[in-house]
Amino acid sequence: MTDAALPSPALDAFIRRDGKTDRVELLIKGAHCASCMTRIERAAKAMPGVATARFNLTTGKLSVASETGRADPARLIEAVTALGFTAVPYDPAEALAEDDRTGRELVLALGVAGFGAMNVMMFTVPVWAGLFGQELGPETRTVLLWLAALVAAPCALFAGMPFFRSAFASLRKGKANMDVPISIGVLLTLAVSFSETALGGPHAYFDAAVMLLFLLLIGRYLDHRLRRNARSAARHLLALQVPMAVRLDGRGVRHGVPVAEVMPGDLLAVPAGERAPVDGLVERGSSEVDNSLISGECLPVSVGPGAKLYAGALNQSGELILRALAASQDSAIAAIARLMEAGTQSRSAYVRLADKAAAIYVPVVHSVALMTFAGGWLLGLGPREALLRAAAVLIVTCPCALGLAVPAVQVAASGRLFRKGVLVKSGAAFERLSEVDSIFFDKTGVLTQGRPQLIGADPALVALAAPLARGSHHPLAKALADAAGPGMAANNIVETAGSGVEGIVKGRRARLGRAEFVGAVSEGSATELWFALGAEEPIRFAFHDALRPEAVSVLQELRRMGYRLALLSGDVPAAARSAAEALGLDEWHGAMTPAGKAAMIDRAKAAGHKVLMVGDGLNDAAALAKAHASMAPGAAIEASQNAADCVYAGGNLSAIPLTLTIARQTRKRAVENFTFAALYNAVATPAAMIGLVNPFIAALAMSGSSLVVTLNALRISFAGRRA
Amino acid sequence: MNLLLFLGPFSVGLGLLGLGAFAWSLRDGQYDDPKGDAGRILDDHLSQGPAD
C-alpha cells in the first residue's frame with residue numbers, strides 16, 4: 001500500500017469527529033496473538049495527542065481516540081506498518097454500520113425468553129402434575145397460574161418484539177411472512193390463557209408461549225450471525241480497497257486524492273505494485289503491466305510512453321506516470337461494475353426454501369385453526385372450548401421446527417466449511433449451490449497458478465543465472481529465482497526498468513533481461529528471458545503459466561459427480577485450448593471479454609442450466625454476479641470476492657467439490673427437517689382438534705420437535721469432525 | 001400455601017437478578033472481543049476492562 005507515503009490531508013475523510021475527540025479506525029491484517037495486540041496498542045499510544053487506543057483482536061480493528069485536531073491517520077498507519085502489519089483506514093460510515101444493534105437486541109430477547117421459560121416452569125410443573133390426577137385443588141392451581149402469568153406475559157411481550165415488528169411491517173405491505181402466524185399464535189395463546197385462568201380452568205398455555213419464543217429466537221439468532229459474519233467479511237474486503245490515486249500538480253508535487261476526483265487530463269503516478277486507477281496513456285516511464293484482471297491474459301506486457309493502460313492494470317516493475325483519459329466512472333472497471341449490479345439484482349429474486357415452506361404453511365394452518373373454531377362451535381362444543389381447541393392447534397403447529405429447520409442446518413454447514421477455509425456468505429448461497437448442474441471455470445489464477453513458471457531449463461544454467469534474478473523485481477526473474485531456490489544475490493546489480501538487470505556473476509559481467517538487452521535475437525515470444533555471461537552465447541529461459549497441481553484430479557472428481565464443465569478464458573484461444581486439453585475439458589472458449597462471459601452465463605440460463613461460476617479476475621466479476629452460484633479464490637480481487645457466494649482460501653480447487661457436497665447435504669438435511677415438521681404437524685393437528693392436547697403435551701411436543709430438528713442439523717457438523 | 005407466595009416471587013427475583021446481570025454485560029460490550037480479552041488478562045500494560 002502507498003497510504004503511508006501519502007500526505008496526511010488525503011486521509012482526513014477517515015477521521016470521525018464528535019466535538020471532544022477525533023476517532024480513527026484502522027483495519028489491521030496479520031495480528032493474531034496477544035503480543036501483537038500489545039505491540040499495536042503501545043505503538044498507537046506513543047503517537048502525539050492519542051488519548052486511548054484499543055485493538056479488537058476478534059474483528060481486527062484498532063480504534064484510536066485523539067485530542068481534537070491531532071488525529072493523524074497517515075502517521076498511525078506508518079507506525080503500525082513499521083511493526084510488520086498491514087493497516088488501512090476504515091470508513092467511519094462503515095464503522096458505525098458495523099455496530100451490531102440487531103444482534104444485541106436478539107440476544108437480549110433470547111435471554112429474557114430463556115429466563116421466562118425457566119421460571120414459569122416453577123409454577124406450571126405443579127399444574128401439569130394436577131392434570132394427571134395428583135392432588136391439586138382448583139384454588140391452588142389458579143394461584144399458581146396467576147403467578148405463571150405474572151412471569152410469562154411480560155417476558156413473552158418483550159421477547160416477541162422482533163417477531164411482532166416484522167409481522168406488522170409485512171402486513172402493512174399487504175403480505176404475510178412467517179412472523180404473522182408466530183405473532184398471532186403467541187398473542188392468541190396469551191389471551192386464551194388469561195381468560196382460562198380468570199375462569200378458573202386448567203388449560204393455560206403460558207409456558208408454551210414463552211418456550212416457543214425461546215426456541216424461535218435461537219433460530220433467528222443463528223441466522224442473524226451467519227449473515228452478519230458474511231457481511232463483515234465483505235466489508236473488510238471493501239475497506240482494503242481504499243480508492244486512492246496519486247495526482248501530480250503543475251510543480252510535480254504529489255497529492256493523494258480519492259479516485260472519484262480524478263479528471264481526464266490529470267497526471268497520475270502509478271508506483272510498482274499498484275493498479276492504474278483510471279484508463280490512461282503512459283506519459284513517462286516503462287514497466288511490465290499485468291492485465292489479467294481486465295483481459296484474463298496472465299503474462300506481463302511491456303509498456304512505455306504512449307501505451308494505453310486500462311483501469312485495474314497492475315504495474316509490476318518501474319513507476320509509470322499516466323495521463324488520465326477518463327474519469328473513474330467512465331473507466332473500463334466501471335462498465336464491469338454496472339454489469340455486476342445487473343447480475344446481483346437478478347439473484348435477489350431467488351426465493352428461499354423456508355419462504356417456499358411458509359407460503360404453504362401459513363394459509364393451511366390458519367384455515368385449519370379457523371375450521372376448528374367454527375366446526376367445534378357448530379358441533380356444540382360451546383365458544384369457550386372451541387376457541388381453546390383452535391388455540392391449541394395454533395400452538396402445537398407453531399413453526400418451531402420450521403423456524404429452526406433451515407438456519408440450524410446452514411449454520412452447522414458453514415461452520416464445517418469455515419474450518420476447511422471456505423467462507424460461505426449467506427444461507428441462500430447454500431441453497432443455490434446445491435441446485436447447480438454446470439460449472440464454468442476461469443483459467444488464469446483459478447485452474448492455473450496465475451504466475452509464470454520456468455519450463456524445461458537445465459538446473460545448472462538456472463543456478464548460474466539465479467544470483468542476477470534475485471536482484472530483480474521483474475516477475476519472470478522472480479519466477480527464475482523461485483526455481484533456483486534460496487541463495488545469494490549477485491554483486492553490483494543495476495536494474496534498467498523495462499530491459500533487464502546487469503551485475504557481476506563469478507567475477508564476470510552478466511546480463512539478464514530482454515533479447516535486445518543481452519544482444520540476442522528474440523524468438524517472438526514475450527514469455528522468455530535471456531541470460532548472457534561475459535561474451536558467451538546467450539541462453540534462453542522460457543516460461544508458462546502452469547496448471548495447479550490438483551486441477552486434473554479435481555475436475556475428474558467433479559465430472560464423476562455429474563457436473564457439466566466448461567472453460568471460459570480471456571486469454572488467447574491457443575492458451576485456452578492447451579489448458580483445456582491438459583485438463584480433459586471438451587468445452588472451452590478463448591478470448592472471452594467480460595461481457596462475453598456474462599453472456600455465456602445468460603445463454604446457459606436460458607437453456608435451463610444452473611451454472612456455478614468459478615473466477616478471480618475483474619473480467620469474471622460480472623459472470624460471478626450473474627451465475628446461479630459463484631465461488632472465488634481468496635487471492636481474487638475484491639470486486640470478485642464481493643460478487644461471489646463463497647470464497648475459498650489458498651486457491652486449492654479441492655474446496656469446490658467439498659463445498660458442493662456439503663451444499664447438497666445441507667439441502668438434504670433441510671428437506672428432511674421440513675418433512676419431519678410436516679409429519680409432526682400431521683399428527684399433532686388432529687390431536688389438538690379433538691381436544692387431546694393439554695398444556696403439558698403442548699410443551700413436550702414443541703420442545704421435542706425442535707430438539708429433533710436441531711440434532712438432525714448437527715449431523716453435518718459431526719460428519720465433518722470425523723472426516 | 002403462604003410459603004409458596006413468598007418463595008415463588010423470591011426465586012423469580014433471583015432469576016431477574018441473573019437476567020439483569022446478563023443484560024448489563026451485554027450492553028457493556030463484554031462479548032465484543034472474546035479473543036482479545038483472553039490475552040488482555042495476561043498483560044498488565046494493556047487497558048483492562050471492556051472498550052468504551
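What you see below is based on every heavy atom in this structure, not just the backbone, and it leaves out hydrogens, waters and symmetry mates. Just so we're on the same page: letters track the sequence lines, and every chain starts at 1. Just so you know, these numbers come straight off a predicted model, no measurement behind them.
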Out of curiosity, Asp33(B) CG to Met37(A) CE, how far, rounded to the nearest 0.5 Å?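 These two atoms lie 7.0 Å from each other.
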At a heavy-atom separation under 4.5 Å, does [X] approach chain B through its side chain, its backbone, both, or neither?
{"X": "Val151(A)", "value": "side chain"}
{"X": "Leu144(A)", "value": "side chain"}
{"X": "Val120(A)", "value": "neither"}
{"X": "Asn56(A)", "value": "both"}

For Ala34(A) versus Gly39(B), what's the shortest heavy-atom pair and its separation?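 Here Ala34(A) and Gly39(B) meet closest at CB-CA, 3.7 Å.
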Nearest heavy-atom neighbours spanning Met122(A) and Ser11(B):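 For Met122(A) versus Ser11(B), the nearest heavy atoms are CE-OG, 2.8 Å.
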Would you mind checking which part of Leu19(B) comes under 4.5 Å of any heavy atom in chain A, side chain (CB onward), backbone (N, CA, C, O), both or neither?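 Contact with chain A: side chain only.
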What do the steps show when you test Arg54(A) against Asp37(B) for salt bridge (charged side-chain N to carboxylate O under 4.0 Å, His left out), and what is the final call? CA-CA 11 Å; Arg54(A) 181 139 183 140; Asp37(B) 290 338; 3.5 Å; yes
Inspect the surroundings of CZ in Arg27(B) and state if more than 12 heavy atoms from other residues, nucleotides or ligands are less than 6.0 Å away.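 Atom CZ in Arg27(B) is not packed in, count stays at 12 or less.
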Does the side chain to side chain contact (heavy atoms under 4.5 Å, CB included) test come out yes or no for Phe123(A) and Val12(B), once each step is laid out? CA-CA 10 Å; Phe123(A) 308 114; Val12(B) 169; 3.9 Å; yes
Based on non-hydrogen pairs under 4.5 Å, which of Ala23(B), Pro34(B), Ala38(B) is most in contact with chain A?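 Sorted descending by pairs with chain A, the first entry is Pro34(B).
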Check: Val107(A) and Phe22(B) side chains under 4.5 Å, non-hydrogen atoms: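 Yes, their side chains come closer than 4.5 Å.
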